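Working notes, beginning with the structure itself.
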Amino acid sequence: MNASAEIQQAATGIKLSAIGLFVGFITGLPRLFFPLLAVLFGAGRSDKGVFFMPFIIAGVIGLSLIFRWIAWTRFRYFIEDEDIRIESGLISRNARSIPYDRIQDVSIEQKPLARMFRLAEVKFETGSGTGDEGTLSYVAVEEAERLRELVRAHKAGTAEHNALQVTADMAETPPIYTMDTRRVLTLGFYSFSLIIFAVLGGAAQQFDFLMPFDIYDVGAWLGVAKNNGDVLNGIGWSARILAGLSALLALIALGFATGIIRTFLRENGFRLDVTPKGFRRRRGLLTLTDTVMPVHRVQAATIQTGPIRKLRGWYALKFVSLAADSGTKQGEDSDHAAAPLATMEEIARILSAAKIDRASSELVFARGQSAWWIIQFVLVTIIILSAMLVLILAANAGWKAALLLLLLAFAATAFYFQWRNNRYALDTDQIFVRSGWWQERLTIAPQIKIQSAEVQQGPLARRRGLASLQLGIAGGTLEIIALPVAMARQIQTQIIAVVAKVDYSQISGK
């Protein structure tokens, strides 16, 4: 790019790709499906409405394209000395300024259609808690890589660096971790999911006007159940059991199939590299994501596993960072997946690159006070026994009360395993917290990354001299529970003494 072009861009801003306008329009067509269906359903009730259907479809699609074109013409982004400024809007102009030092991550995402035209979506994540602060949809892949390199150059204090080219730091090197097809399918097998029923439920809610009865009418469902019950009454018990088992097996098969498909689409081609700029992760079958996280942005590491995975020697590694993982949906765990399915040896290599040490064999983990869980179990017991008494006296339903006894036994088992698996340990540099009994988690956090340490006591725990220690880290929290108050304050003092020695203004850019 010559000097005159740079001066012109600085004054007028940079437009998004013109081809990206049509890519966004085509990918956004599914959003018009439900409005179009509702309009067509209403128009189809009259004879004249059928005649106007083609014009209605063309009008809705045309208006959508016109509005997108207007939005595209009014969208600009500016590369400034201290920030990136994004301006948008026709009547009400919106200008967002994103300082370079606030940008935690620049992720590049390519959806299938965008990949065909060598376009990408650039997301600037600032860790503000609202996801990405700014999104550019769409720019050329070369422009996306230029923007990411430019942000890195500014954050490193080398803005004069030629950011028009991808630096040699991003040259291909042997990856520190990869997932082949077999491992991706293995992960999918462990990722049992019934999310398809949530999708079907959402579709049923959108298409409820096409249903033969009101889906929210309990009486209608009871009628369907009664009719099916009449059919089942005509067959023997063996056939009923066989039908029930077949339905259960079909449900299980559907859950496994859904988990495998979702995992294969998201994790296919998973590759983690260690570059001088940090960890670089690429993954995705249809939607390709390319995310880079500087090593100093890693605040903590979490190793997860489960009973079945642990028997096979499989674990998952995630990094806690101020920026949310661009590959996750709202409501999901936002930690960055570094190794979704790995052996402990592979995880050890990644942790070493992140400058985080594994727990040594000599490290002793302490267990919280059992009184913490006994108090919770007593409260649950009171609630369940009260419900049992109401059922017996008011509803005369002894069998339901018996089911509550099973619930009480399950609660007792759950609290017992929680007590057994919640442990903590400290060494001179790091803090380790184990939690979970069905999904085991080991979180490792360098003490210098702790932002705050707060001792909390509930009314009942205070009477027993117990407390929990809330440790704030950028992008998450770490909690040690069931501590004697004296121990909680001792750990708090130890961590604050380490943190107080660190000048964070001197390490923020490293």
Side-chain angles (χ1 to χ4, degrees), residues 1-2 4-32 35 59-154 159 163-164 287-291 323-324 326 330:
M1 185 181 296
N2 54 44
S4 61
E6 290 183 353
I7 295 174
Q8 182 179 2
Q9 285 188 354
T12 62
I14 307 173
K15 283 186 177 183
L16 299 176
S17 169
I19 301 177
L21 168 65
F22 295 97
V23 171
F25 169 70
I26 294 173
T27 56
L29 283 177
R31 301 177 185 175
L32 300 176
V60 172
I61 294 177
L63 284 175
S64 175
L65 181 58
I66 290 173
F67 284 127
R68 281 185 176 272
W69 178 78
I70 294 175
W72 176 80
T73 58
R74 302 296 292 168
F75 192 102
R76 298 284 192 280
Y77 64 95
F78 300 79
I79 307 300
E80 307 286 353
D81 293 334
E82 301 294 334
D83 58 17
I84 294 177
R85 192 172 81 253
I86 299 176
E87 294 185 359
S88 61
L90 177 61
I91 299 175
S92 177
R93 295 291 289 170
N94 179 29
R96 285 177 293 174
S97 178
I98 311 175
Y100 293 116
D101 57 2
R102 282 191 56 204
I103 299 177
Q104 304 294 325
D105 185 26
V106 180
S107 62
I108 300 174
E109 183 175 290
Q110 291 181 274
K111 293 182 172 63
L113 188 60
R115 291 173 66 180
M116 294 177 58
F117 295 95
R118 287 193 55 78
L119 298 176
E121 187 176 62
V122 181
K123 297 181 180 180
F124 303 103
E125 298 177 357
T126 64
S128 61
T130 58
D132 53 283
E133 182 105 350
T135 301
L136 305 180
S137 304
Y138 294 85
V139 298
V141 172
E142 294 77 14
E143 173 69 2
E145 293 173 344
R146 182 185 82 93
L147 289 171
R148 182 160 65 183
E149 288 301 307
L150 185 143
V151 171
R152 291 179 189 149
H154 275 279
L164 297 178
T287 299
L288 177 64
T289 60
D290 186 347
T291 304
S326 59
Q330 184 175 4

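None of these values were measured; they are calculated from a predicted model.
- Under the ring pair (Phe, Tyr, Trp, His ring centres under 6.0 Å) criterion, Y100 pairs with H154, sequence neighbours left out.
- The line from NZ of K111 to CE of M116 is 15.5 Å long, rounded to the nearest 0.5 Å.
- Interatomic distance, OG1 of T27 versus CD of E121, reported as 9.0 Å (0.5 Å rounding).
- Nearest approach of L21 to R68, heavy atoms of both residues: CD1-O, 3.5 Å.
- Residues S107 and E125 meet the side-chain proximity criterion, which asks for heavy atoms closer than 4.5 Å.
- No more than 12 heavy-atom neighbours from other residues, nucleotides or ligands sit within 6.0 angstrom of CZ on F22.
- Between E87 and R76, no side-chain nitrogen of the basic residue sits less than 4.0 Å from a carboxylate oxygen of the acidic one, so the salt-bridge criterion is not met.
- Residues passing the salt bridge (Lys or Arg N to Asp or Glu O under 4.0 Å) test with E82, sequence neighbours excluded: none.
- Residues R146 and E143 are paired through a salt bridge, judged by an N-O separation under 4.0 Å between the basic side chain and the carboxylate.
- The OH atom of Y77 sits 12.5 Å away from the CD1 atom of I98 when rounded to the nearest 0.5 Å.
- For the residue pair E109 and T289, no side-chain donor N or O sits within less than 3.5 Å of a side-chain acceptor on the partner.
- The closest side-chain heavy-atom distance from I108 to R148 is below 4.5 Å.
- The two atoms that bring A120 and Q110 nearest to each other are CB-CG, 3.8 Å, heavy atoms only.
- Of all heavy-atom pairs spanning S17 and W72, the tightest one is O-NE1, 3.3 Å.
- The CG atom of L119 sits 12.5 Å away from the CG atom of L136 when rounded to the nearest 0.5 Å.
- The minimum heavy-atom distance between A114 and Y138, with the atom names listed, is CB-CE2, 3.9 Å.
- Here I26 contributes atom CD1 and L65 contributes atom CG; the two are 10.0 Å apart, rounded to the nearest 0.5 Å.
- The minimum heavy-atom distance linking L16 with S137 is given by the pair CD1-O, 3.2 Å.
- Considering only heavy atoms from C-beta on, I61 comes within 4.5 Å of F25 through its side chain.
- For R118, the salt bridge (Lys or Arg N to Asp or Glu O under 4.0 Å) criterion is met by E142, not counting sequence neighbours.
- Between V151 and I103 the shortest side-chain heavy-atom distance falls below 4.5 Å.
- Contact of the I14 side chain with the F78 side chain is not registered, since no non-hydrogen atoms from C-beta on lie closer than 4.5 Å.
- Using a 4.5 Å heavy-atom cutoff, the side chains of I79 and L150 are in contact.
- Pairing each heavy atom of V122 with each of A144, the nearest pair is CG2-CB, 3.5 Å.
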